Amino acid sequence: MPSAVRPKTFISGAGLVWRWQRILWWIFIVNLVLAHFAIRGLVDRVSPALAHSSASERLVNGYDLTAVMELAVQPDSPLETPGPVVFHYSVVFAVFMIFSTGGTLATYVFDTKPSTTAFFEACGHHFWRFVRLLGYMALAFIPMGILIAICSAIHHSIDDKSNSPYPAAYFSGASSLLILLLLMVLRLWFDMAQVIAVADDETRMHRALRRAASLLKHNFGSLFWLYLRISLLAWIFCGLGLYLWMYQLSPWSITTAFLLTQLMLIFWIATRLWQRASEALWYRQYQAVMVPEPAYPRSPAPAPVPYSTAMN
Amino acid sequence: MLPSLSTVLLAATLLLFAGGPRTVSEPPSAAPNAQAPEAASSILNSPFSTRVVAYAIDAKLNTTSHSIDATETLVYKNLTGQPQQAFPFHLYMNAFQPQSTLMTEVRMSGARGVGADSGWNEKNHGSITVTKLEVEGAGDLTDKMQFIQPDDHNTNDRTVFQVTLPKPVAPGASVEFHMTFHDQLPEVLYRTGYKRDFYMIGQWFPKVGVWWKNAWNCHQFHADSEFFADFGTFDVNLTVPQTEILGAGGDLISSANNSDGTKSAKFHSEDVHDFSWTASPDYTIVEDTWTGSAGPVKLHVLMSPGHMKSAPRYAQALKGTLAWYDKNIGPYPYDRVTVVDPPHGAFNAGGMEYPTLITAGTTWYMPTGVLAPEDVVNHEFGHQYWYGMVATNEFEDAWLDEGINSYVEAKSMAALYGENASIINFPFATASEAQLLRIEYISMPDTDPITRFSWNFISDNAYGGVTYGKTGTVLLTLEKVVGEDTMLAALHEYFLRYRFKHPTGEDFLKTIEDVSHQDLKWYFDQAVYGTNILDYDIWEAHSDRLKWWEKEISRKKTTDEIYRTYVIVHRKGDFIFPVDVVVKFEDGTTAAEHWDGRDRWVRYTYDRKTKVASAQIDPGNKVRLDRNFFNNSYIVQEDNRATHKLENMWVFASEWISQFLAWVS
Ligand SMILES: [Zn+2]
């Protein structure tokens, strides 16, 4: 692609996230609220056991793992595994994210202040497309699953045969990194397909995927580096946050811990949106340089336009 | 008697010329230096034990077929006080077959990390075949060997055989058995076998049963049982490829290369009841010395590849534990301890005790905050006392080795690594050994009494929870009754009375009563022989205006108001145990109560110019058998900090699960 497209996308993407930061806050709030509801039952059960007991000091002045185990092994344990409930709420969040992605991308692609109506129209307009895209994603996970199984089998074989544990560990590290990178490429591919679907109002998802694959093939370096460096920032920040939480915060800093963990999450969401915005920006610049007129029929997309009822 | 200095010098000289192609040396002779026998004998008279058996074994390891061919001579001294004609022998290695009692029990409820639903892997097949059995003076009795199944009549189990001699052996006389046997080793399973070029060889030779309680005691090998044998001497000659580095539960007497590329190493051990050994060309040997009240002890740590970071941790834990035992329990009389670090993938060979040789366990990535390497060394070394020297019957009284050892493990790990973080020690999370024992216990509190034979528990989990967790917790709770110092004094006395003997559970309990000068039947009946659950809770703690029918006094006169406080302590479980109760009031005053716990509940009433702030049963949580510490107190003022802390973690985890799902969709 022309070099004119490359610069500034990284920084400008961050600018887009900052400019339309309400999207970030809404995603964060929905995530937090759903997580809160997911564990509400658990908290309600455990609270009576802890609120009036001096034994709960084992959890306040530190984190005594055996205190949690003790609660878990009681016959009428308040720590019943909330796994299914948490999963259900996570699915709700994932659906919410599929839904909101249409509006989010429309905002980033067209970079105009959307009205609430326009935003949700864009969400609805693209929702079923993205659900279909999810079907393709599931298909794409099949070879990934096979690869993971193969790597796991090779790992076991090396581990079984080698006298030193390191070859298997190195293989495991390398294969995990490879799988992670492939997953990121997969994510990037589908991200670009979503951008194409929104920017060009592409209705056929297989076509969006084909075009995204072609884009990725011809511009892999610039696109993947764009995606990867934002991911690296996210990992570094979250790693630092975890370190502070686990090693630096005093055990009784409960409010600070809450703020820190939520700050990590906000940053994580922000970087994910940053990737989305950068991808949209990249495509916008790419279109401007490479494809002034789309060579295929397009229906009018519900591009957000300024309204007096803008989101607030 | 332990080898002399000249033996050490001879062995050292031989070693100089016996090196294989590797730069790492053999473990040097573990024989004591000149001071050791004298130092030891000043505390213990050698021989330490009544030597019933004398084994001489000549074994050759085949590293291609993973098998051993050996001859064994056993001289058995009949100290049973009566003529003996039929002798039972263990053939433990035959347990590694799908229809054996051990594997049947594993399939039923799992054991040692192997799940109940695990399939059979032919690699795990193991066997021991006695191809010839002769008895001095009686000729070839191979045909007289007969498999017996004293425990479950499973005729597919071939872990015990009996041979009947033509003539009885008179009391005080000796009988000499000569056997030729072949071991097919399993890929490591239940403590023994091979993994790649690593060998851990335990329970590998025909071992005679023990005449105990006026009968032969020779149980089949079970999923949840360990071992029992008589004291004696072992002279073992091991022939292995020259590349192998050997470790064994004996002093290395000599080692010489053979012309066929093998080498033969002679080991001697005495006043022990078993002999195990290990071989691998990949070991790195770490050596150290520790000197205790019985003289210097050589420490050999045989480290597997990739695990060297754990070597100092093993050594430090071993020295700390030796010192703790020396100070609190009694002297360690042997001149050596070998720690075997199994390689990755041989996890099942780890965490096992044999006389003067223990197997540990670690990983290449073991974080320093997880004290698993320290704990396993501490535990397995503890067995040198509770199994090695105080040689209880591990089949029938597993609590006397695993349980007492778990109690001492909790005490010594706390002393060495901190009271509340003796097993997990991170800034963000901690756990203590004592609490983990309690968790084990309260997970399976009431299915089986401690005294159950090891293979008769309802499940493998119950065996572990009760034998290790409950016994340890019962003894920790007993400190509340007799005092911590008295408990340690009782253990010290028990060790002195019964080292190199086969005591029973009654012997142990009586020693505690003797030392504490207390009749503890009430406790032992419930805690040791019973299955009742101990659980006390604060049923109620609240204050009411004494003159409740009068109008409430105005705020400025509040100091004149008298409140009646009610505190009800409830015995939720059937285990009766006297408890202390402390009631605190808002003005900082307290009331201390002692309740015998016999009734189902007790109500305490106080009329004071202050309201109740809290009521607490067993302050300090000394009654560790109490199933639930959380209901032992009631604080009137609600404190939600712990809830918020957990809530924060759960919210965070839930948010990330959502984020992950969103990322992949
Ligand atoms: Zn043990």
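It should be emphasised that the depicted structure is a prediction, and the values quoted were computed from it without experimental measurement. In what follows, chains are A, B, ... by sequence order, proteins preceding strands, each numbered from 1.
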Quiz prompt | Option in B/Ala653, B/Pro427, B/Ala421, B/Ala346 with maximal non-hydrogen atom pairs under 4.5 Å from chain A | solution = B/Pro427
Quiz item: So, do B/Phe428 and A/Trp245 have ring centers that fall under 6.0 Å from each other?
Solution: no
Self-check item: Short side-chain to backbone donor-acceptor contact, A/His52 and B/Ile635, under 3.5 Å
Solution: yes
Self-check item: Partner chain B: residue of A/His36, A/Arg40, A/Gln262, A/Gln248 with the largest heavy-atom pair count (under 4.5 Å)
Solution: A/Gln262
Practice problem: Let me know if A/Ile98 has heavy atoms under 4.5 Å from chain B in its side chain, its backbone, both or neither. | Solution: side chain
Practice problem: Could you tell me whether A/Phe171 atom CZ has more than 12 heavy atoms of other residues or ligands within 6.0 Å of it? | Solution: yes
Quiz prompt | Side chain to side chain, B/Thr430 and A/Tyr63, heavy atoms closer than 4.5 Å | solution = no
Quiz item: Roughly how far, to the nearest 0.5 Å, is the OG atom of B/Ser654 from the CG atom of A/Leu34?
Solution: 8.0 Å
Quiz item: Can you tell me how far CG of A/Leu79 sits from CG of B/Leu646, rounded to the nearest 0.5 angstrom?
Solution: 7.5 Å
Quiz item: Which bit of A/Ala67 comes within less than 4.5 Å of chain B, counting heavy atoms only: side chain, backbone, both or neither?
Solution: both
Quiz item: Got a second to check how far B/His644's NE2 is from A/Leu50's CG, nearest 0.5 Å?
Solution: 11.0 Å
Exercise. Considering only heavy atoms and a distance below 4.5 Å, find which of B/Arg196, B/Gln435, B/Met649, B/Glu638 pairs most often with chain A.
Key: B/Arg196
Quiz item: Does A/Ser47 offer a backbone N or O that forms a donor-acceptor pair with the side chain of B/Glu647 under 3.5 Å?
Solution: no
Quiz item: Thinking salt bridges, do B/Arg438 and A/Glu70 make one under a 4.0 Å N-O criterion?
Solution: yes
Exercise. Identify the heavy atoms of A/Ser54 and B/Ser633 that sit nearest to each other, and give their distance.
Key: N-OG, 2.8 Å
Exercise. Ignoring hydrogens and angles, tell me if any N or O in the side chain of B/His344 forms a donor-acceptor pair with the backbone of A/Ser162 under 3.5 Å.
Key: yes
Quiz item: Where is the tightest heavy-atom contact between A/Ala55 and B/Phe629, given as atom of each residue plus distance?
Solution: CB-O, 3.7 Å
Practice problem: Could you pull out all residues at least two apart from B/Asp537 that satisfy side-chain contact (heavy atoms from CB on, under 4.5 Å)? | Solution: B/His570, B/Lys572, B/Asn631
Quiz item: What distance do A/Asn163 atom CG and B/Ser280 atom OG have between them, rounded to the nearest 0.5 Å?
Solution: 6.5 Å
Quiz item: What residue, out of A/Ala72, A/Ser56, A/Ala168, has the most heavy-atom pairs lying under 4.5 Å from chain B?
Solution: A/Ser56
Quiz item: Does any heavy atom of chain B fall under 4.5 Å from the side chain of A/Leu183, the backbone, both, or neither of them?
Solution: both
Quiz prompt | Structural part of A/Met184 lying under 4.5 Å from a heavy atom of chain B | solution = both
Practice problem: Among the options A/Thr101, A/Leu32, A/Ile27, pick out the one with the most heavy-atom pairs lying under 4.5 Å from chain B. | Solution: A/Leu32
Self-check item: Partner chain A: residue of B/Gln616, B/Arg641, B/Gln637 with the largest heavy-atom pair count (under 4.5 Å)
Solution: B/Arg641
Practice problem: I would like to know whether A/Val46 and B/Thr643 meet side chain to side chain contact (heavy atoms under 4.5 Å, CB included); could you show each step before the answer? | Solution: CA-CA 7 Å; A/Val46 83; B/Thr643 308; 4.3 Å; yes
Practice problem: Report the option among B/Asn648, B/Val651, B/Ile423, B/Asp639 that has the most heavy-atom pairs separated by less than 4.5 Å from atoms of chain A. | Solution: B/Asn648
Quiz item: Which residue out of A/Val73, A/Val60, A/Thr66, A/Leu249 racks up the most heavy-atom pairs below 4.5 Å with chain B?
Solution: A/Thr66
Practice problem: Name the option with the most non-hydrogen atom pairs under 4.5 Å to chain B; the candidates are A/Ser250, A/Pro75, A/Ala49. | Solution: A/Pro75
Exercise. Examine whether an atom of A/Asp191 lies under 4.5 Å from a heavy atom of chain B, and if so say whether it belongs to the side chain, the backbone or both; otherwise answer neither.
Key: neither
Exercise. Given side chain to side chain contact (heavy atoms under 4.5 Å, CB included), test A/Gln74 with B/Ile442 step by step and report yes or no.
Key: CA-CA 8 Å; A/Gln74 296 302 325; B/Ile442 61 179; 3.9 Å; yes
Quiz item: Which residues, numbered in order, of residues 657-665 of chain B come under 4.5 angstrom of chain A by heavy-atom distance?
Solution: B/Ile657, B/Ser658, B/Gln659, B/Leu661, B/Ala662, B/Trp663, B/Val664, B/Ser665
Quiz prompt | For chain B, which residues of residues 131-141 of chain A have heavy atoms nearer than 4.5 angstrom | solution = A/Leu134, A/Met137, A/Phe141
Quiz item: Among A/Val91, A/Ile269, A/Leu265, which residue forms the greatest number of heavy-atom pairs with chain B at distances under 4.5 Å?
Solution: A/Leu265
Quiz item: Take atom CH2 in A/Trp128; do more than 12 heavy atoms of anything else shown fall under 6.0 Å from it?
Solution: no
Quiz item: Would you say B/Trp539 has more than 12 foreign heavy atoms packed within less than 6.0 Å of its CH2?
Solution: no
Quiz item: Between atom OG of A/Ser53 and atom CG of B/Asn632, what is the distance when rounded to the nearest 0.5 Å?
Solution: 7.5 Å
Self-check item: Taking every non-hydrogen atom, the tightest pair across A/Leu59 and B/Ala642
Solution: CB-CB, 4.1 Å
Quiz item: Between B/Glu655 and A/Tyr89, does a side chain to side chain contact (heavy atoms under 4.5 Å, CB included) hold up when you go through it step by step?
Solution: CA-CA 9 Å; B/Glu655 284 172 332; A/Tyr89 276 96; over 6 Å; no
Exercise. Indicate yes or no for a side-chain donor-acceptor contact from B/Lys645 to the backbone of A/Pro251 under 3.5 Å, with no hydrogens or angles considered.
Key: yes
Quiz item: Can you tell me if CZ on A/Phe99 sees more than 12 non-hydrogen neighbours from other groups inside 6.0 Å?
Solution: yes
Exercise. Could you look at B/Asp197 and say if it's the side chain, the backbone, both or neither that has a heavy atom under 4.5 Å from chain A?
Key: both
Self-check item: Value rounded to 0.5 Å, distance of CG in A/Leu71 from CG in B/Asn628
Solution: 7.5 Å
Practice problem: Let me know if A/Glu57 has heavy atoms under 4.5 Å from chain B in its side chain, its backbone, both or neither. | Solution: neither
Quiz item: Which residues pass the salt bridge (Lys or Arg N to Asp or Glu O under 4.0 Å) test with B/Asp574, sequence neighbours left out?
Solution: B/Arg600
Quiz item: Less than 4.5 Å apart, any side-chain heavy atom of A/Phe258 and any of B/Phe652?
Solution: no
